Structures are given as C-alpha cells and as structure tokens.
Amino acid sequence: MNINNIPQIKHTTSGNFFLLAGPCAIESEEMAMKIAEKLVKITDKLEIPYVFKGSFKKANRSRIDSFSGIGDEKALKILQKVSKEFGVPTVTDIHTNEDAPMAAEYVDILQIPAFLVRQTDLVVAAAKTGKTVNLKKGQFMSPESMKHAVQKVLDCQNENVMATDRGTMFGYQDMIVDYRGIPTMQQFATTVLDVTHSLQQPNQTAGVTGGRPDMIETIAKAGIAVGVDGIFIETHFDPANAKSDGANMLHLDYFEALMTKLVAIRKTVNQF
C-alpha cells in the first residue's frame, strides 16, 4: 500500500514511520480536539505522517455495563471535525457490515478489530467502500494466516490495505509480541505495530482489561528497530479516568519524548 493514497497524509517523504494515534474511544468533542491538537503539533514538529485514531463505538466490551460510546453519528461527526480542523486523516473501528458505508462517510481508514478479522463479510464490506482498510491480526492467529485476510481486500479491487500486529495470546491473561511476525506480514501488506493493545492483560476476573503501560517504550523501540512501517498507540491526557482501555494507554504528556526517541531510532535504522 502507498500511504500517499490516504487523504491529507503529510510528511511522507521524511523517511519516518507513520503513526496512528489517539484515544481508544471518542468520549466527547472536547477531549478529541484536545488530544488531536497536541498530537498534530508533535507530529508536525517531528515530520511524522499522522492519522488520528478514535473508535466511534466500542462493541467488544468485557462487561455489558462498560462504556460503548456517545452515539454513532455524534462520534463520527467529531472524527470528521478533527479531520477538517487539523487537516489530518482519521481511522475508526467498525464492527458490523452496516457500519462500513456509514463510517466511510466520515473517516479515511476503516479498521477491522482483531476479534473480527476472520469475518469475511465484514472485511469485504469495508473493502468495497474503497477506503483504506486496516486489518488487526487476531490474537489467535499466526502472522502467516493474515495473508488470507489481506487477500480478501485485494480481491475486492482495493489495494489500500494494511495489517496490524497487536500481540498474540500468551496463556490466559497476557499478550506477547513476536517480532518475527513483522517481516512476515510485510510480505503481504504494509505493516503496523499496535503497541498499546499488545500490552493488554485480558480476561481479568473483574471484567476490566488490565495492561502494562510501563512497557510501551520498550515495545515501540523494538518495533522501529525491526523496521515496522507504522506504529499504533492509544493515548489520553487522563488514562486513569479514560472510559475505555485506560490501563494500557500512554499518557499524553509522555508522547513527544517517546516519538523523539523513535524518530532517532528510525534515522539510525535507515542508514543500514
């Protein structure tokens, strides 16, 4: 995939990795704009191609009383406003076939959640919108098996597809990143490393997913060193009170320092 096909993407000649980053879920217009403003300033300063990420709804919750969204159209309109205000592309998850054409009216990239990447009808619905499709590798899948998910998009005459590693299940309550999977999936598609979801600790007895945010820098540095095309990181200015996935998000205050380190690593890797 040529990332220049993503509308409004900037800094594509910088030699940097590209970045998908933002909150897990859209909680309000104010929070989305606050996070987007900070991330756009950082990525412009460091010349990182940037896509704002935010889920318009969260369908895959552990408990029925978990936050799922503020309303589909309301959240999608906020994503659209972020794009117009800051001149950046946007990405959001979809969960049903009907979500695909609806979300495509507002965002530039449709993301298939890891739990749903085997759902052929959903992948095809996303591909047929003509939008770029980001396929999250299932926690239960090998990197090699993502070839078939990518092919489903290509078979719909849509070449704008990327694959994202988000860790593999390790036991019952932990994830592990196998960095061998990055060059493997790069044989099939542009490849992204989802740093924060790779640090989830699912299946907790409380019904709320845990995480290891202290390991974000370690996982991200390793991904850049291996040569991943893009990085995916969820961030928030108050992770402790975020309504979704706060346990594994990066605090917004630490974002610029991490990106500065990753850019330096990429520049070194590019020399070889």
Side-chain angles (χ1 to χ4, degrees), residues 1-6 8-22 39-53 88-89 91 109 111 132-137 141-147 149-151 153-154 159-168 170 175-199 212-235 248 250 254-272:
M1 188 195 84
N2 185 345
I3 66 167
N4 287 293
N5 292 339
I6 302 173
Q8 301 192 86
I9 194 82
K10 301 181 180 71
H11 310 301
T12 57
T13 61
S14 65
N16 276 326
F17 53 90
F18 65 92
L19 174 70
L20 288 76
L39 294 178
V40 169
K41 286 181 179 178
I42 293 169
T43 53
D44 279 345
K45 178 181 177 181
L46 297 174
E47 296 187 324
I48 299 171
Y50 173 58
V51 179
F52 179 82
K53 183 269 168 186
V88 294
V91 56
I109 302 174
Q111 183 165 280
T132 296
V133 179
N134 184 21
L135 301 167
K136 289 284 198 79
K137 184 183 79 65
M141 292 171 64
S142 69
E144 290 82 0
S145 64
M146 283 298 289
K147 175 181 181 179
V150 170
Q151 192 61 48
V153 179
L154 298 177
E159 296 184 355
N160 297 316
V161 57
M162 62 181 82
T164 294
D165 194 345
R166 49 93 71 241
T168 302
F170 185 73
M175 309 288 294
I176 193 166
V177 178
D178 180 356
Y179 289 94
R180 298 174 300 176
I182 291 173
T184 297
M185 289 194 294
Q186 283 176 322
Q187 297 176 62
F188 318 133
T190 298
T191 301
V192 177
L193 175 61
D194 182 342
V195 176
T196 46
H197 284 99
S198 295
L199 292 166
R212 288 291 305 275
D214 56 303
M215 296 296 292
I216 288 173
E217 183 171 323
T218 299
I219 298 294
K221 283 179 175 178
I224 296 299
V226 170
V228 75
D229 301 301
I231 290 287
F232 180 110
I233 296 180
E234 290 186 338
T235 184
N248 52 273
L250 178 67
Y254 305 142
F255 209 92
E256 183 171 359
L258 176 59
M259 290 300 109
T260 301
K261 292 176 183 177
L262 297 184
V263 166
I265 294 171
R266 175 49 59 92
K267 286 181 179 178
T268 300
V269 170
N270 286 347
Q271 296 176 15
F272 298 97

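Given the structure is predicted, the values throughout are model-derived calculations rather than measurements.
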In the structure I gave you, are the side-chain heavy atoms of [X] and [Y] within less than 4.5 Å of one another anywhere?
X	Y	answer
Pro49	Ile3	yes
Leu154	Gln151	yes
Val226	Pro183	yes
Phe188	Leu135	no
Lys10	Val88	yes

Reported [atom1]-to-[atom2] distance for the pair [X] and [Y], which is rounded to 0.5 angstrom:
X	Y	atom1	atom2	value
Glu159	Asn5	CD	CG	9.0 Å
Leu39	Lys53	CG	NZ	12.0 Å
Phe17	Ile265	CZ	CD1	9.0 Å
Leu20	Thr164	CG	OG1	7.0 Å
Thr43	Ile48	OG1	CD1	6.5 Å
Asn160	Ile109	CG	CD1	9.5 Å

Nearest atoms (heavy-atom pairs only) where [X] meets [Y]:
X	Y	value
Gly223	Leu193	CA-CD2, 3.7 Å
His197	Met175	O-CG, 4.2 Å
Ile224	Ile231	CD1-CG1, 3.6 Å
Val40	Tyr50	CG2-CE2, 4.0 Å
Val177	Ser198	CG2-CB, 3.5 Å
His11	Ser14	O-OG, 2.9 Å

Query raised in the report: Within the side chain of Asn134, is there an N or O that forms a donor-acceptor pair under 3.5 Å with the backbone of Val91?
Result: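 The answer is no, because no donor-acceptor pair under 3.5 Å joins these two groups.
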Requested in this report: Would you check if the side chain of Lys137 reaches a backbone N or O of Met141 as a donor-acceptor pair within less than 3.5 Å?
Outcome: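 Looks like yes, one N/O pair under 3.5 Å.
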Query - Pairs where residues 181-192 contributes a residue and the test side-chain hydrogen bond (donor to acceptor under 3.5 Å, both in side chains) is met, not counting sequence neighbours - result: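 Non-adjacent pairs meeting side-chain hydrogen bond (donor to acceptor under 3.5 Å, both in side chains): Gln186-Asp229.
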Requested in this report: Can you run down the side-chain hydrogen bond (donor to acceptor under 3.5 Å, both in side chains) pairs that involve residues 261-272, sequence neighbours left out, and say none if there aren't any?
Outcome: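 Residue pairs passing side-chain hydrogen bond (donor to acceptor under 3.5 Å, both in side chains), neighbours aside: Glu217-Lys261.
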Query raised in the report: Just checking, is any N or O donor in the side chain of Asn4 or Thr12 under 3.5 Å from an acceptor N or O on the other one?
Result: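 A pair is found: one side chain offers a donor N or O, the other an acceptor, under 3.5 Å apart.
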Requested in this report: May I have the step-by-step check of side chain to side chain contact (heavy atoms under 4.5 Å, CB included) for Glu234 and Leu250, ending in yes or no?
Outcome: CA-CA 6 Å; Glu234 290 186 338; Leu250 178 67; over 6 Å; no
Query - Stepwise side chain to side chain contact (heavy atoms under 4.5 Å, CB included) check, Val192 with Phe18 - result: CA-CA 9 Å; Val192 177; Phe18 65 92; 3.6 Å; yes
Requested in this report: For Thr218 and Ile216, run side chain to side chain contact (heavy atoms under 4.5 Å, CB included): C-alpha distance rounded to whole Å, both residues' side-chain angles, the deciding distance at 0.1 Å, then the answer.
Outcome: CA-CA 5 Å; Thr218 299; Ile216 288 173; over 6 Å; no
Query raised in the report: Per the side chain to side chain contact (heavy atoms under 4.5 Å, CB included) rule, which among Gln111, Met1, Met185 passes with Met162?
Result: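 In the set Gln111, Met1, Met185, the residue that makes a side chain to side chain contact (heavy atoms under 4.5 Å, CB included) with Met162 is Met1.
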